[in-house]
Number of protein chains: 2
Amino acid sequence: MTFLQTATDQPAREDIDLGAVLHALSDPIRLEIVAALDSRAEACPTGSFEVPVSKSTCTHHFRVLREAGVVRQRREGTARLNTLRRDDLEARFPGLLDAVLDAKAG
Amino acid sequence: MTFLQTATDQPAREDIDLGAVLHALSDPIRLEIVAALDSRAEACPTGSFEVPVSKSTCTHHFRVLREAGVVRQRREGTARLNTLRRDDLEARFPGLLDAVLDAKAG
DNA sequence: TGGCTAGTACGATGGGTGTCGAACCGTATC
DNA sequence: GATACGGTTCGACACCCATCGTACTAGCCA
């Protein structure tokens, strides 16, 4: 009985909660991750982000992003590939992600 | 020596922090307040919002909104009149407030 | 003066959050 | 198999946060 289903506990598109998304994006490190993910536009392993926190903290932040519905994770070998859920976020909260990313870049 | 300057500790437009704004908006009660403020489009006393919390908690939420730069407060008699800082938010983070309000309404 | 109303200040409390290190797991490669 | 690598899990910790009740202040009105 393993608990490695953690990559699957992502909300369905219609279950994405606005409060959870805003909270997920309100942390500077997570916002940095999201911006980096957005600029790359390709699935990126968790460890490829230059964040000033430990591995376990990084796992924590990706979990918050995943459970909020901001990020999608899938396994590929030993790595965890992350992608922005642009489509789902845009469908549910049109313009929100871009407004936040623009605000950060601003 | 009174401490009633609390209504003035609002950030200048250029000091409004994105993380603080997102955090302020990530709470359902505060988001409800902001939406109500937006719909009325007039300065409203703090007590005129139907929120399921106590007076002191309400004060707390308005302080968070004020310190984040989302809301402006001014005294008028015994009341505290609240207004959305639409102009400042729009200047600093274009489209963000509307995206959030649309997301909530959607 | 006295009371009423609107709101703040304070202290307490329970729960969440960001952080870490150490231990562990899965997958690849030697 | 052994080792290394990428991540997760698990406490633990300090801090923040939403909430409350009580006490308080400021302004208004009789």
Side-chain angles (χ1 to χ4, degrees), chain A residues 1-10 17 19-34 36-37 42-68 70-83, chain B residues 1-10 17 19-34 36-37 42-68 70-83:
Chain A
M1 182 187 317
T2 71
F3 292 87
L4 290 175
Q5 308 289 347
T6 43
T8 69
D9 54 0
Q10 320 177 26
D17 178 68
V21 170
L22 293 177
H23 170 248
L25 297 178
S26 72
D27 182 275
I29 289 186
R30 288 194 291 263
L31 188 53
E32 200 66 48
I33 290 173
V34 169
L37 258 176
E42 263 306 317
C44 304
T46 303
S48 68
F49 299 86
E50 292 191 9
V51 289
V53 291
S54 68
K55 271 198 308 176
S56 47
T57 301
C58 203
T59 294
H60 161 70
H61 284 309
F62 270 95
R63 181 171 33 136
V64 173
L65 289 171
R66 178 185 1 111
E67 292 180 351
V70 177
V71 152
R72 189 181 290 111
Q73 285 187 308
R74 70 169 199 275
R75 315 194 59 122
E76 184 136 334
T78 90
R80 258 248 208 235
L81 297 190
N82 303 274
T83 51
Chain B
M1 180 190 318
T2 69
F3 290 87
L4 291 175
Q5 307 290 351
T6 42
T8 68
D9 52 0
Q10 320 178 27
D17 177 68
V21 170
L22 294 177
H23 170 248
L25 297 178
S26 72
D27 182 275
I29 290 186
R30 288 194 291 263
L31 188 53
E32 199 67 49
I33 290 174
V34 170
L37 259 176
E42 264 306 317
C44 304
T46 304
S48 68
F49 299 87
E50 293 190 9
V51 289
V53 290
S54 69
K55 270 200 309 179
S56 47
T57 302
C58 203
T59 293
H60 160 71
H61 283 309
F62 272 94
R63 182 170 33 136
V64 173
L65 288 170
R66 175 181 9 107
E67 292 180 351
V70 177
V71 152
R72 190 181 290 111
Q73 285 186 308
R74 70 170 197 276
R75 316 194 57 122
E76 184 135 336
T78 88
R80 261 278 186 214
L81 296 190
N82 303 275
T83 50

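Chain letters run A, B, ... following the sequence lines, proteins first, then strands; residues in each count from 1. Computed from heavy atoms alone, side chains included, the values below leave out hydrogens, waters and symmetry copies.
Nearest to the side-chain atoms of A/H23 among the listed nucleotides D/dC17, C/dG18, C/dC20 stands C/dG18. Here C/dC20 is the nucleotide among D/dG7, C/dC20, C/dG26 with the atom lying nearest to any side-chain atom of A/T57. Taking every side-chain heavy atom of A/R80 into account, D/dT8 is the closest of C/dG18, C/dC20, D/dT8. Residue B/H61 has its side chain nearest to D/dT19 when only D/dG7, C/dG7, D/dT19 are considered.
Using a 4.0 Å heavy-atom distance criterion, A/T46 is classed as a sugar-phosphate-only contact.
In terms of heavy-atom proximity, A/L25 sits nearest to A/L31 at O-CB, 3.8 Å.
A straight line from CD of A/Q73 to P of D/dG7 spans 9 Å, rounded to a whole angstrom. Across the protein-nucleic acid pair, B/R66 atom CZ and C/dG7 atom C1' stand 11 Å apart, rounded to whole Å. A straight line from CG of B/L22 to C1' of D/dC17 spans 17 Å, rounded to a whole angstrom. Between A/F62 atom CZ and C/dT19 atom P the separation is 13 Å, expressed in whole Å. In this entry the distance linking CD of B/E32 with P of D/dA18 reads 16 Å, nearest Å. To the nearest angstrom, P of C/dC24 lies 14 Å from NZ of A/K55. With rounding to whole Å, A/E76 atom CD is found 12 Å from D/dG7 atom P. The separation between B/I29 atom CD1 and D/dC17 atom C1' is 13 Å, rounded to whole Å.
Each of A/H60 and A/T78 was matched to the nucleotide of DNA chain D holding its nearest heavy atom; the match closer to the 5' end belongs to A/T78.
Distances shown here put a side-chain N or O of A/T59 below 4.0 Å from the OP1 or OP2 atom of D/dT8. Using a 4.0 Å cut-off, no side-chain N or O of A/R63 falls inside it from OP1 or OP2 of D/dG7. The shortest distance between the side-chain N/O atoms of B/R75 and the OP1/OP2 oxygens of C/dT8 is not below 4.0 Å.
Rounded to the nearest 0.5 angstrom, A/C58 SG and A/K55 NZ are separated by 10.5 Å.
For a distance-only test at 3.5 Å, the side chain of B/S56 qualifies as a donor-acceptor partner of the base of D/dG21.
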Stepwise side-chain contact (heavy atoms from CB on, under 4.5 Å) check, A/T46 with A/N82: CA-CA 7 Å; A/T46 303; A/N82 303 274; 3.1 Å; yes
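Looking only at side-chain heavy atoms (C-beta outward), A/L81 and A/P45 come within less than 4.5 Å of each other.
Of the candidates B/Q10, B/R80, B/R66, B/R63, B/Q73 forms a side-chain hydrogen bond (donor to acceptor under 3.5 Å, both in side chains) with just one, namely B/R66.
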